[in-house]
Protein chains: 2
Amino acid sequence: MKATIRDVAKLAGVSVATVSRVINKLGGVRPETEQRIEKAMEELQYIPNVLARSVASKKTKLIGMIVPDVENPFFAAVFSGADKVVREYAYTTLLGGSNDTYEREENLLQTMLEHQASGILLTPTFPKAKWVERMGNRVPTCLIDRDMEGMNCDRVLIDNRRGTYEATKLFIQKGHTQLAIITGPLESTPGRERFEGFKQCLHDFSIELNQDYIQIGDFHSGSGYQLGKRLLKLNHPPTAILSCNNLMTIGLLEMIHTSSIRLGEDLGVIGFDDIPIATLMHPNLTVVSRPMREMGECAAEMLLQRIQNPNQPNRTVIMSPHLIVRGSESIFS
Amino acid sequence: MKATIRDVAKLAGVSVATVSRVINKLGGVRPETEQRIEKAMEELQYIPNVLARSVASKKTKLIGMIVPDVENPFFAAVFSGADKVVREYAYTTLLGGSNDTYEREENLLQTMLEHQASGILLTPTFPKAKWVERMGNRVPTCLIDRDMEGMNCDRVLIDNRRGTYEATKLFIQKGHTQLAIITGPLESTPGRERFEGFKQCLHDFSIELNQDYIQIGDFHSGSGYQLGKRLLKLNHPPTAILSCNNLMTIGLLEMIHTSSIRLGEDLGVIGFDDIPIATLMHPNLTVVSRPMREMGECAAEMLLQRIQNPNQPNRTVIMSPHLIVRGSESIFS
DNA sequence: CCCATAAATGTAAACGTTTAGATTTTTTCT
DNA sequence: AGAAAAAATCTAAACGTTTACATTTATGGG
């Protein structure tokens with residue numbers, strides 16, 4: 001069977017404590033003893049059991065990460081950044097996708113707590129959840145991208161309002177006055193804040209907000225397609241559409257592609273989040289871009305620091321998106 | 001501090017064994033006792049420690065999954081499918097990205113073995129690795145997408161040759177005779193097999209294989225861009241390019257987009273793996289499509305079955321790709 | 001109502017580690 | 001060489017579970 005620390009100790013002719021010391025690089029072991037132990041480990045193909053270690057030490061090198069959708073490139077990038085940092089700290093990430101359902105999110109959290117995760121990286125599905133007080137604050141947590149009520153924790157957010165404000169301003173500067181938005185659920189921070197930035201900008205430039213031009217989707221490509229269609233079927237269709245996430249933008253572009261409308265000629269479009277498609281369009285797609293990997297890195301960094309020093313005050317990092325102007329915003333040439 | 005099974009037992013006035021029985025739903029507990037225990041668990045906010053459980057029972061509900069790149073939509077989809085099944089079996093997935101480096105792959109495997117993963121889902125970076133005999137067969141494993149020497153395990157692969165054969169055949173049927181390929185490293189199964197399917201088809205149709213038309217990339221978008229450029233700069237450039245993975249296809253399309261060449265008019269293109277961009281091009285991109293999620297599901301299913309029954313013979317499932325013809329393959333209209 | 005049997009519950013030893021504290025060995029200084 | 005100090009090593013109890021086995025309690029037949 002699998003070799004244990006006892007087998008190693010016996011073969012090396014030392015006690016388990018000494019073996020433990022070399023495994024954990026605690027020093028205080030004579031070089032020759034250390035070599036003997038290492039040889040024994042090699043010979044027995046010994047692999048330490050971190051579970052037993054965690055039980056004994058009451059510490060774990062596990063970080064739980066919960067995102068709505070692992071296949072969404074945004075969250076994939078955030079995970080990628082977070083996981084990189086987590087590994088640098090010699091921790092391991094437990095990843096789960098909630099599929100934006102309450103049940104699964106709670107379930108994932110439970111799983112991660114059962115696994116004694118030392119910290120949680122969470123992009124919550126809903127802005128409030130019953131489980132917050134029961135299990136929300138049992139463990140250091142860092143929220144990413146979306147906020148949540150009642151969480152006593154760190155946060156890495158995006159200045160969504162500014163992102164859509166700048167995009168809207170660009171539209172206006174290019175001459176648009178018929179501005180539409182496809183945003184996400186207003187209960188979610190990104191959905192609401194992105195809408196607010198849009199609204200604020202229209203207000204600042206004294207442009208009237210047409211209620212028909214406000215479309216609420218679900219952050220998936222299907223709704224980008226459907227809502228885009230609805231907008232263009234209006235008696236007075238908008239001349240510009242601001243699409244508030246990557247997947248909905250893809251849906252919207254698909255819809256445009258199958259219609260007779262020409263991007264950048266009949267309709268201006270700006271997307272939220274950069275996508276590989278952006279530079280393959282005619283004209284190239286203007287987008288609000290976010291530092292996705294950096295968000296993950298930052299969140300992981302904050303979380304791991306808090307794990308080491310649990311009593312530091314909560315921090316909220318708000319990152320700035322920036323506009324990448326490529327041409328698709330304008331129809332007036 | 002955190003409540004333990006002992007605290008629950010004490011509060012409910014029973015022994016830990018009885019509590020353990022209700023946690024694990026083993027039955028043989030009087031309903032009234034069970035209720036008392038459940039009430040105690042609720043009251044103490046008890047969350048079982050699965051690590052301790054694993055140490056005691058010598059079993060874990062953990063599956064390790066190692067893929068080259070988590071951000072590649074193909075692997076994201078495979079993970080998604082695998083994780084779905086893994087959760088259905090009440091297991092949890094530990095995901096890691098090797099970034100196609102040997103060191104990291106070995107490191108990840110070590111980590112997963114340390115965590116006592118009950119099984120491994122692996123898309124190996126290299127077709128042979130030194131660690132295979134040392135740790136490759138310690139635990140039930142299922143290889144996905146890429147094969148590896150000396151692994152005594154299950155496999156879920158793709159009929160790569162058939163995929164590129166069909167694509168090449170379509171090119172030929174559309175009148176192409178100047179056929180180029182951008183494939184991946186020939187040491188990797190996908191790189192080699194996709195090239196072989198291409199070569200075989202040319203041979204079957206008695207078309208000479210121009211050595212200049214064979215370009216070996218690294219499965220990343222940059223090489224799609226560079227190699228595409230190199231192909232089109234030839235004195236006798238090809239009229240058709242078969243791009244052998246999703247990222248290289250994106251790179252290739254970017255290169256085409258920035259050049260004066262028109263897709264579907266000057267150059268036919270077929271990609272391997274479907275991508276969202278495909279239906280946003282003019283003409284739409286023809287691709288070899290694979291059941292990505294299903295590959296993950298199938299692999300997870302096989303792995304979990306093997307965990308339950310370790311002695312069943314090894315199985316290799318070879319899934320078929322299929323061509324989605326959308327127009328970009330033809331330049332003769 | 002008693003006994004046999006079945007059902008429910010309890011006891012205690014494992015599981016593979018870590019880690020105080022105790023003990024031994026080595027080094028250093030005189 | 002011997003004592004004191006420092007370094008290395010060991011002992012054994014914990015960590016929170018599971019689980020075989022022992023014991024108690026309930027059930028049913030006569």
Side-chain angles (χ1 to χ4, degrees), chain A residues 1-38 40-41 44-62 90 110-111 113-118 138-139, chain B residues 1-38 40-41 44-62 90 110-111 113-118 138-139:
Chain A
M1 259 336 294
K2 277 183 203 155
T4 74
I5 199 174
R6 283 202 175 75
D7 302 323
V8 175
K10 191 183 288 176
L11 182 58
V14 297
S15 76
V16 293
T18 311
V19 179
S20 177
R21 263 186 292 262
V22 352
I23 293 171
N24 296 294
K25 302 190 172 60
L26 296 180
V29 176
R30 230 184 307 170
E32 81 180 46
T33 317
E34 185 163 345
Q35 280 173 24
R36 213 160 6 108
I37 291 173
E38 255 150 13
M41 295 201 294
L44 294 171
Q45 308 232 58
Y46 171 69
I47 292 183
N49 183 331
V50 300
L51 307 187
R53 167 181 306 161
S54 295
V55 171
S57 66
K58 296 177 140 190
K59 283 176 197 158
T60 224
K61 293 268 199 174
L62 266 186
Q110 170 86 19
T111 301
L113 293 178
E114 286 178 350
H115 281 85
Q116 313 297 114
S118 297
R138 288 177 78 111
V139 124
Chain B
M1 262 329 299
K2 276 183 203 155
T4 74
I5 199 173
R6 282 202 175 76
D7 302 322
V8 175
K10 192 183 287 175
L11 183 58
V14 298
S15 74
V16 292
T18 311
V19 178
S20 177
R21 264 185 289 258
V22 352
I23 292 171
N24 296 293
K25 301 191 172 63
L26 296 179
V29 178
R30 232 184 307 168
E32 81 179 44
T33 317
E34 185 163 346
Q35 279 173 23
R36 211 159 8 110
I37 292 172
E38 256 150 14
M41 296 202 293
L44 294 172
Q45 309 233 55
Y46 171 70
I47 292 184
N49 183 331
V50 301
L51 307 185
R53 167 182 305 163
S54 295
V55 171
S57 66
K58 298 178 139 189
K59 286 175 194 161
T60 67
K61 293 267 199 174
L62 266 187
Q110 171 87 19
T111 301
L113 293 177
E114 285 178 349
H115 280 86
Q116 314 297 113
S118 297
R138 287 177 79 111
V139 124

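Predicted model only: the values in this text are computed from it and were never measured. Here is the naming used below: chain letters follow the sequence lines, and residue numbers restart at 1 for every chain.
- For B:Lys58, no side-chain nitrogen or oxygen approaches OP1 or OP2 of D:dT18 to under 4.0 Å.
- Rounded to whole Å, atom C1' of C:dG10 lies 15 Å from atom CG of B:Leu26.
- Closest to the side chain of A:Val16, from the set D:dG16, D:dA12, D:dA14, is D:dA12.
- At the heavy-atom level, B:Gly27 lies nowhere under 4.0 Å from the strands shown.
- Heavy-atom distances to DNA chain D give each of B:Arg21 and B:Tyr46 a nearest nucleotide, and the one nearer the 5′ end belongs to B:Tyr46.
- Per the geometry, NZ belonging to B:Lys2 stands 14 Å off C1' belonging to D:dT17, to the nearest Å.
- Shortest non-hydrogen contact noted between B:Leu51 and A:Ser54 is CD1-CB, 3.5 Å.
- Listed pair A:Thr33 / D:dT9 meets the phosphate criterion, a side-chain N or O lying under 4.0 Å from OP1 or OP2.
- Side-chain contact between B:Ile23 and B:Arg53 is present, with at least one heavy-atom pair separated by less than 4.5 Å.
- B:Ile5 has its CD1 atom 5 Å from the P atom of D:dT18, to the nearest Å.
- In this structure, A:Ala40 and A:Ala12 approach most closely via the heavy-atom pair CB-CB, 4.0 Å.
- One interatomic measurement links the two molecules: CD of B:Gln116 to P of D:dT17, which rounds to 18 Å at whole-angstrom precision.
- Between the CD atom of A:Glu34 and the P atom of D:dA7 there is a distance of 16 Å, rounded to whole Å.
- In terms of position on DNA chain C, the residue among B:Ala56 and B:Gly13 whose nearest nucleotide sits closer to the 5' end is B:Gly13.
- In this structure, the side chains of A:Gln110 and B:Ile47 come closer than 4.5 Å at one or more pairs of heavy atoms.
- One atom, CZ of B:Arg6, and another, P of C:dT11, lie 12 Å apart when rounded to the nearest Å.
- Using a 4.5 Å cut-off on side-chain heavy atoms (C-beta onward), B:Asn49 and B:Thr4 make no contact.
- Among the nucleotides C:dT9, D:dT18, D:dC10, the one closest to the side chain of B:Ser57 is D:dT18.
- Contact annotation: B:Asn24 reaches the phosphate of D:dT18 (side-chain N/O to OP1 or OP2, under 4.0 Å).
- Between C:dG16 and A:Arg53, no contact under 4.0 Å exists linking OP1 or OP2 to a side-chain N or O.
- A:Ser20 comes within contact range of at least one nucleobase, with a heavy-atom separation under 4.0 Å.
- As rounded to whole Å, 16 Å separates atom P of C:dT17 from atom CG of B:Asn49.
- In this structure, B:Leu51 places its CG atom 14 Å from P of C:dT17, rounding to the nearest Å.
- Axis orientation changes by 30° from one end of the helix from C:dC1-D:dG30 to C:dT30-D:dA1 to the other, with each end axis drawn from 5 pairs and the value rounded to 10°.
- Look at B:Ser15 and you'll find a side-chain N or O under 4.0 angstrom from OP1 or OP2 of C:dG10.
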Take B:His115 and A:His115 through the test side-chain contact (heavy atoms from CB on, under 4.5 Å) and record every step on the way to the result. CA-CA 11 Å; B:His115 280 86; A:His115 281 85; over 6 Å; no
Going through the distances and angles, do A:Glu114 and B:Lys61 end up as a side-chain contact (heavy atoms from CB on, under 4.5 Å)? CA-CA 12 Å; A:Glu114 286 178 350; B:Lys61 293 267 199 174; over 6 Å; no
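- Of the N and O atoms on the side chains of B:Thr60 and B:Ser118, at least one donor lies less than 3.5 Å from an acceptor on the other residue.
- Contact annotation for A:Val14: backbone-only contact, meaning every heavy-atom pair under 4.0 Å involves sugar-phosphate atoms and none involves a base.
- Residue contacts shown for B:Val55 include a base, since a base heavy atom lies under 4.0 Å away.
- The shortest distance between the side-chain N/O atoms of A:Thr18 and the OP1/OP2 oxygens of D:dT9 is not below 4.0 Å.
- The side chain of A:Ala17 has D:dC10 as its nearest neighbour among D:dT17, D:dT9, D:dC10.
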